[in-house]
Amino acid sequence: MSVPLTIAVDGPAASGKGTISRRIAVRYGLRHLDTGLLYRAVAMLCAAEGIDTTDAEASGARAAMLHPSDLERGDLRSAEAGRGASVVAAHGTVREALLGWQRAFADRAPGAVLDGRDIGTVVLPQARAKLFVTADPDVRAARRWRELSKDRDIPYRDVLRDIEERDARDAGRADAPMTRAGDAALLDTTEMGIEAAVDEAVRLIERQLGR
Ligand code: DC
């Protein structure tokens, strides 16, 4: 049987990594896992069940019981879920509980694209191709603001502050901080539309695959 093809895509919130990953998965015929959803689900389950998200042991124990259907909750894309995810994601207990889940997903044929913060560094250090997708914080905040303000009135400065706080927490934590793997190709989407970003992502991946 052939070895599954694994592609790691990391980067901060609203960098474009989610859309790029979905499109790459279609292009290469792979499955896709948005690993942020795992952390978001843990945060929302803790909130719903009265588990203190700052309690590493309790939230780690909840993460160990995560079920695939938990990823279908309707509230995972909310700002509350994003903030909570960033808090539970700082616990080594939670990260450890989710590690096997992510690796098992990637290991099944034909392979997968995983996007997150530590895929190229911790989850799949042997991934065949790795991207680190980023963009200036104000450009990312403007993208997120355009998305959120379709449904409700929200000040741009609140969105920018949220992005900056999340970046600081994700990059500053001791356990598996968000960082570019030494062998990841850098893709800065600050001045790119999504089509150009996907084209560039494919070019970078093809190069890493030696094609
Ligand atoms: O990508 P996202 O916004 O859905 O991620 C939500 C939070 O989950 C993010 O602030 C950090 C955390 N996360 C992580 O620590 N590691 C990952 N592989 C994915 C997400």
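As the structure is a prediction and not an experimental result, all values here were calculated from the model.
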Residues that, via side-chain heavy atoms closer than 4.5 angstrom, fall in one hydrophobic cluster with Val26
none
Decide yes or no for Leu38 and Phe105: does some side-chain heavy atom of the first lie under 4.5 Å from some side-chain heavy atom of the second?
no
Could you check whether any side-chain heavy atom of Arg166 comes within less than 4.5 Å of a side-chain heavy atom of Asp162, counting everything from C-beta outward?
yes
Quick one: do Arg95 and Asp118 make a salt bridge, cutoff under 4.0 Å?
yes
List the atom of Thr6, the atom of Ala127, and the distance in Å for their closest heavy-atom pair.
OG1-CA, 3.3 Å
Checking the side chain of Arg31 only, and the main-chain atoms of Arg108 only, is there a donor and an acceptor separated by less than 3.5 Å?
yes
Using the test salt bridge (Lys or Arg N to Asp or Glu O under 4.0 Å), find all partners of Glu80 that sit at least two apart in sequence or belong to another chain.
none
Does atom CD of Glu49 have more than 12 heavy-atom neighbours, drawn from other residues, nucleotides or ligands, at distances under 6.0 Å?
yes
Separation between OG1 (Thr53) and CG (Leu45), nearest 0.5 Å, reads 12.5 Å
Among Lys17, Arg140, Glu200, Arg143, the one residue meeting side chain to side chain donor-acceptor pair (under 3.5 Å) with Thr189:
Arg143
Checking side chain to side chain donor-acceptor pair (under 3.5 Å) for the pair Asp55/His91: CA distance, chi angles, key distance, verdict?
CA-CA 9 Å; Asp55 181 335; His91 303 316; over 6 Å; no
Mind checking the CD1-OG spacing from Ile163 to Ser15? Nearest 0.5 Å is all I need.
9.0 Å
Using a 3.5 Å distance criterion without hydrogens, assess whether the side chain of Lys130 forms a donor-acceptor pair with backbone atoms of Pro125.
yes
Which value, rounded to the nearest 0.5 Å, describes the distance between Trp101 atom CH2 and Leu66 atom CG?
6.0 Å
Determine whether Asp34 and Arg40 satisfy the following criterion, salt bridge (Lys or Arg N to Asp or Glu O under 4.0 Å), listing intermediate values before the conclusion.
CA-CA 10 Å; Asp34 167 0; Arg40 287 169 180 262; over 6 Å; no
Donor-acceptor pair, side chain of Thr190 and main chain of Asp136, under 3.5 angstrom
yes
Verdict with supporting geometry, Glu164 and Arg157, salt bridge (Lys or Arg N to Asp or Glu O under 4.0 Å)
CA-CA 10 Å; Glu164 288 175 340; Arg157 64 175 181 282; over 6 Å; no
Between Asp10 (side chain) and Gly120 (backbone), is there a donor-acceptor pair under 3.5 Å?
yes
